[in-house]
Amino acid sequence: MTLIGATTENPSFEINGALLSRLRVFVLAPLGIPELTTVVRTALADRERGLGGLELTIDDAAMDVITIEADGDARRALTALEAAAAYVTRQRGAARGGVITAATIRDAMQARWLATTSLAKSITT
């Protein structure tokens, strides 16, 4: 049996000891700013698996916001990028083109948080 999992918690405290004794735990180091920048630029350029078909560009300030807010986590960076791309295309009313700015990133991240919070409230009430 193969068990693959990911956690932001310390597995030594969060996983049952009997199970932990049978696991191999890999600790992944956070990515640096240059690596996160490469991930974001690749996602923006890749037409097959990324957002390349949207033909968006990103300014340097927006890249700084994404890479700093991601805190070394490529998943966070890509989630912020995806939210910003959706925000830009929705705001412009166009399927292609546009510039992702620092303000766009902040607005998109807040809009995504509000949508998630509203969904959580509707589930719990």
Side-chain angles (χ1 to χ4, degrees):
M1 175 176 22
T2 301
L3 172 67
I4 299 175
T7 181
T8 56
E9 302 298 327
N10 183 340
S12 299
F13 299 113
E14 300 298 325
I15 298 175
N16 177 298
L19 182 60
L20 189 60
S21 70
R22 291 166 178 80
L23 298 176
R24 182 177 301 161
V25 176
F26 295 94
V27 178
L28 303 177
L31 297 176
I33 300 292
E35 291 86 7
L36 288 171
T37 300
T38 299
V39 167
V40 171
R41 292 211 187 280
T42 300
L44 279 172
D46 190 330
R47 291 183 168 278
E48 185 178 323
R49 296 174 300 168
L51 301 171
L54 297 177
E55 300 175 3
L56 296 168
T57 58
I58 186 168
D59 68 23
D60 291 338
M63 184 64 79
D64 290 344
V65 171
I66 288 178
T67 55
I68 290 167
E69 292 296 321
D71 196 29
D73 188 338
R75 296 170 302 170
R76 281 186 186 167
L78 292 173
T79 298
L81 179 64
E82 186 177 49
Y87 188 81
V88 167
T89 55
R90 187 173 49 250
Q91 291 297 101
R92 293 187 70 236
R96 293 186 184 169
V99 178
I100 297 173
T101 64
T104 304
I105 291 290
R106 289 187 185 99
D107 289 346
M109 291 171 73
Q110 178 153 352
R112 188 173 185 95
W113 182 83
L114 289 172
T116 304
T117 303
S118 298
L119 175 63
K121 284 181 182 177
S122 68
I123 291 172
T124 58
T125 55

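- With hydrogens and angles disregarded, a donor-acceptor distance shorter than 3.5 Å links the side chain of E35 to the backbone of G32.
- Here the straight-line distance linking atom CG of L78 with atom CG of L44 works out to 9.5 Å at 0.5 Å rounding.
- How far CG of L36 is from CG of D64: 11.5 Å, rounded to the nearest 0.5 Å.
- Under the side-chain contact (heavy atoms from CB on, under 4.5 Å) rule, I58 has a single partner from V99, T101, I66, which is I66.
- Separation of atoms CG (L51) and CD1 (I100) is listed at 7.5 Å; rounding is to 0.5 Å.
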After noting the C-alpha distance and the side-chain angles of L81 and V39, does the key distance pass the side chain to side chain contact (heavy atoms under 4.5 Å, CB included) rule?
CA-CA 10 Å; L81 179 64; V39 167; over 6 Å; no

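- The minimum heavy-atom distance linking T104 with A84 is given by the pair CG2-O, 4.0 Å.
- Put simply, the side chain of R22 gets close to the backbone of A18: a donor and an acceptor are under 3.5 Å apart.
- Interatomic distance, CE of M63 versus CD1 of I105, reported as 9.0 Å (0.5 Å rounding).
- In this structure, F26 is not a member of the same hydrophobic cluster as L23, with clusters built from ILVMFWY side-chain heavy atoms closer than 4.5 Å.
- The shortest heavy-atom contact between A102 and A62 is N-CB, 3.5 Å.
- Atom CG of L31 sits about 11.0 Å away from atom OG1 of T67, to the nearest 0.5 Å.
- Around atom CG of N10, more than 12 heavy atoms belonging to other residues, nucleotides or ligands sit under 6.0 Å away.
- Minimum heavy-atom separation, I15 to L19: CG2-CD2, 3.9 Å.
- Taking OG of S21 as the start and CG of N16 as the end, the distance is 8.5 Å to the nearest 0.5 Å.
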